[in-house]
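Take a look at the structure below.
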Amino acid sequence: MIDTLCRLLDAGVTQFHVVKKCEDILLDHDYRKLDIGERWELMAGGRYYVKPYPSMLVAFAIGEVPEYGRLNIGLAHTDFPMLKIKTQPDMNRCGYQTLNVEPYGGLIKETWFDRPLGIAGKVVVQTEDSFRPRTYLYDSERAMCIVPSLAPHLRKETTGDKMNVQKELIPVYGLNGQNVKEKDILQYVAEDLGLLKDDILDYDLYLYNMDHMEIVGAEKDMIASPRLDNITSVSALVDTMCKTEKGNCINVISLFDNEEIGSRSKQGADSVMLSGIVDRIMSGLDMEENDRMRIMRDAFMLSLDVAHATHPNYPEKSDPTNQIVMGCGVALKSSASQRYVSDSEASAVVMALARKNDIKVQRQVNRSGMAGGQTLGPIASSYLPVRAVDMGIPILAMHSAMELGSAEDYSQLKALCSAVFEM
């Protein structure tokens, strides 16, 4: 039931690795890669995907004719909070080799101390054509770093002090004492890849938590893992696309990067990329204008991202009449400020599908005065104005190095995706 999720949580150590693993899964299920720079000639019943950038992927399955049915769209994001290695990162301090890093996204900083941290990302290497460098995916596959915490005996407790990230969240990756050969971190990376360090032009490298997914709880009903936000949503969409039977709908999933930092990038939801691809799909199928208008009128979009489960130790942080609990189903999110895209007509579609297919759905709104985070839905729907809802599984410890969710909720999310995509 959670095979795809397990594979993605294990392999998806950065957004680039998430997309690469999704690509491998799609290829195993008869999807064909398209080139964003070439003309697309699409066929009824075909399965295709395009990877405009290393951290973004759009896959689509074309229904059977004579007349195409509804356009269904699923959105999720491939990135998650991590520590990013800066340029010129090496710092030799007090006999230790340390790295200069910066937070990516709103991570819970305290959870990154004293954990085994791997290094992963992409490395870009010089070729003969300066405008076409070669990109390598990198994963150390071993613990390279650790951020050591300061013992309580050495701390001076001062109420209200905030963490000095530049000082306290610096990882150690080696000892630089006597008789120890000094290397900088890029030399280790280059050697692992079989490259020369001087060939490396630039990189996007991150530290990731090497802890693996664990099934926890007395009844083994909870999932503890890094990166549940938002690999759970990515996995549910990819799994649905791989199992969807050939009806007459056009099913599309878009896996965006950079949601954790605002989505304003070429590979993020706040771009014209998805709307352009949808237009190219219609052009590749030689759709007439009337058919395009009908398809867009009837289209439905699922924006999937995890939700805040009601915390047993902080129930006052949740809305008093709309508290959601892990294990009780998918969260359907709405907001008066439209930080979530769901409106009553689109939400009614989900509730009707849930009743028809016996899917457990919970309703979430934020506590008044507490904004919460914005999702992909409102952003993407400004470029593709179709009916849309924001949904996701409820989790605890969101943005921690180790998050907590429910296997039952994940199975309910997959069931809902299948119902929308007419599985």
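Note that the structure is a prediction, hence the values are computed from the model and not measured. Hydrogens, waters and symmetry mates are skipped; everything else that's a heavy atom, side chains included, is used.
- Using modelled atom types, one side-chain atom of Arg115 and one backbone atom of Thr111 make a donor-acceptor pair closer than 3.5 Å.
- Side-chain N or O atoms of Gln15 include none that pairs as donor or acceptor with a backbone N or O of Thr78 at under 3.5 Å.
- At distances below 3.5 Å, at least one donor-acceptor pair connects side-chain atoms of Asp409 with backbone N or O atoms of Gly327.
- Counted by atom type alone, Asp79 and Asn258 present zero donor-acceptor pairs between their side chains at under 3.5 Å.
- Of all the heavy atoms in Val101 and Leu169, the pair that sits closest is CG2-O, 3.4 Å.
- Looking at Thr240, its side chain does come within 3.5 Å of a backbone N or O of Ala236 through a donor-acceptor pair.
- Applying the 6.0 Å contact sphere to NZ of Lys51 captures more than 12 heavy atoms from other residues, nucleotides or ligands.
- Proximity of a side-chain donor or acceptor of Glu23 to a complementary backbone N or O of Val19 within less than 3.5 Å is not detected.
- Side-chain contact annotation: Asp257 with His77, donor-acceptor N/O pair under 3.5 Å absent.
- No donor-acceptor distance shorter than 3.5 angstrom exists from the side chain of Ser263 to the backbone of Asp270, with no hydrogens or angles considered.
- Between Ile324 and Arg363, the shortest heavy-atom distance links the atoms CG2-O, 3.5 Å.
- At least one donor-acceptor pair closer than 3.5 Å links the side chain of Trp40 to the backbone N or O of Asp35.
- Ion pairing between a basic and an acidic side chain is recognised when a charged N comes within 4.0 Å of a carboxylate O; Asp279 and Arg292 show such pairing.
- Across all non-hydrogen atoms, the minimal contact from Met210 to Glu141 is CE-C, 3.8 Å.
- Taking Ile215 as the reference, Ile2, Met213, Lys220, Ile223 meet the side chain to side chain contact (heavy atoms under 4.5 Å, CB included) condition, with sequence neighbours excluded.
- Put simply, the side chain of Leu71 does not reach to within 4.5 Å of the side chain of Asp298, judged on heavy atoms.
- Sequence neighbours left out, the pairs with a member in residues 397-407 that pass side chain to side chain donor-acceptor pair (under 3.5 Å) are Asp229-His399, Glu260-His399.
- The backbone N or O of Leu384 sits nowhere less than 3.5 Å from a side-chain atom of Ser381 that would complete a donor-acceptor pair.
- Under 3.5 Å, the side chains of Ser235 and Tyr410 contain a donor-acceptor pair of N or O atoms.
- Counting heavy atoms from C-beta on, the side chains of Val386 and Phe300 never come closer than 4.5 Å.
- Checking Ser342 against Asp390 by side-chain atom types alone, no donor-acceptor pair falls below 3.5 Å.
- Remark: the backbone N or O of Asp239 is not paired with any side-chain donor or acceptor of His29 at under 3.5 angstrom.
- A donor-acceptor pair shorter than 3.5 Å cannot be found between the side chains of Ser233 and Asp305.
- Stacking of Lys266 on the aromatic ring of Tyr53 is recorded, both the 6.0 Å distance cut-off and the 45° axial limit being met.
- A distance-only check finds a donor-acceptor pair linking the side chain of Gln362 to the backbone of Val325 [under 3.5 Å].
- The closest side-chain heavy-atom distance from Leu404 to Val216 is below 4.5 Å.
- Sorted by first and then second residue, the side chain to side chain donor-acceptor pair (under 3.5 Å) pairs with a member in residues 325-334 form an empty list; sequence neighbours excluded.
- Side-chain rings of Tyr49 and Tyr31 stay apart, their centers remaining 6.0 Å or farther from each other.
- A salt bridge between Glu316 and Arg367 is absent, with no side-chain N of the basic residue lying under 4.0 Å from a carboxylate O of the acidic one.
- With 3.5 Å as the limit, one finds a donor-acceptor pair spanning the side chains of Asp319 and Thr321.
- In this pair, Phe16 and Tyr206 present their aromatic rings tilted. The plane angle is within the 30 to 60° band.
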**Report entry** salt bridge (charged side-chain N to carboxylate O under 4.0 Å, His left out) between Asp3 and Arg7, worked out
**Finding:** CA-CA 6 Å; Asp3 288 349; Arg7 292 163 65 189; over 6 Å; no
